[in-house]
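Let me begin by presenting the structure, written as structure tokens, before commenting on it.
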Amino acid sequence: MIYLQQNNHAKRNRKRIIAGIFAFLVAIVILIQIFFSHFFPALITSVARPFWRAEFSVASGSLESPQSLLAENESLKLQLEEANIRLQAIGAIELENLELKSFFGKNISATSTIKNKRILAPVLMRPGAGPYDELIIDGGKNLGFTIGNKAYAPGDVLIGAISDVLPETSKVSLFSSSGNILNVLIGPSNAPATAVGRGGGQYTAQLPRAVKISAGDFVIVPSIDDKPFGIVSAVESDSAQSFEIILFAPPVNIYQLRWVLVEHI
Amino acid sequence: MKLRIITDLIIFIAIIHGWWFVALPIAAAGCWFFPYYIEIIIGGFVYDALFGMIPGTGFTAYLGIIISIIIFAGIATIKQNIRR
């Protein structure tokens, strides 16, 4: 019996010591997180980054044979040439548009014609079905990114802004984050509405049924960008309700994004 | 011990990929089958460090840790009551 009591006592002491060490470690972690909020995200991301980069490389076809890469290179060169020709045509139309506007006395601000420098960054992680609606991109302080830099999907589609910058990666919070509210103009009549983010690039807005909106109409957010921000994907109408629900999403699929352009001011 | 390490590896891979829906049930099962399964809290912390912890977003930046602590404490309590 005496031996048993001694054992129990030693066991209890050991448990207390373990609990004490655990509490001490937790306290240290909390203190570090309070005073150096980027320490753990940077440390853990630096461990995960090689895995993400390897996955990105595999998805990008880095492991394909040289012949197929050369063929793809040729095809991309052709596409680039075609895109350049189209870009020149668009440039000419833009110039014509500016000239016409000046004819009609429209005041064209200098900023609208200035193209900010944009840096191409690979998307390492896309939003899953998780609570954080964000992209993780390969580029951070090393590329000079700062919080608030806007991120564009290919095709000049604004999708979000940088919310956190780590040494080699950044987090891009999507405008479609759940609960995020935006003032938008929908359809050819530019009907003003309040859009609410639903996550994963999806938005919802309400409009009176009298406003004629159909799938495929453009959505713009004048406070952010004057280019098409989204395209109406569906209109849910109920004859018993005076409002209809507009569902829209960006013209690009957020889940298939491989690259983004980050505006570098 | 071997099974615990395999479970930890699966959880680690799932967390790196942001597959919380894979990591969470496995970690919850780990809590039930293994003693002092603090890996669930570490997993929650790693998930938040990778995808959350955005300054200025309040407690929502720590959802992983909060949920993992709730599951850890909940399962520990249930285990204690059932096995008493």
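Scope of the values below: all heavy atoms of this structure, side chains included, with no hydrogens, waters or symmetry mates.
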Is chain B contacted by the side chain of [X], its backbone, both, or neither, given a heavy-atom distance below 4.5 Å?
X: A:I44; result: both
X: A:S173; result: side chain
X: A:F40; result: both

Check: A:T204 side chain, A:L247 main-chain N or O, donor-acceptor pair, under 3.5 Å: no

Polar side-chain atom of A:S37 near backbone of A:I34 as donor-acceptor pair, under 3.5 Å: no

Within 45° cone of A:Y203 ring axis and under 6.0 Å: A:R198 NZ or CZ: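 No, cation not above the ring by the 6.0 Å, 45° rule.
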
Proximal component of B:I38, with respect to chain A [non-hydrogen, under 4.5 Å]: side chain

Residues in salt bridge (Lys or Arg N to Asp or Glu O under 4.0 Å) contact with A:E168, at least two apart in sequence or another chain: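 Partners of A:E168 under the salt bridge (Lys or Arg N to Asp or Glu O under 4.0 Å) test: A:R49.
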
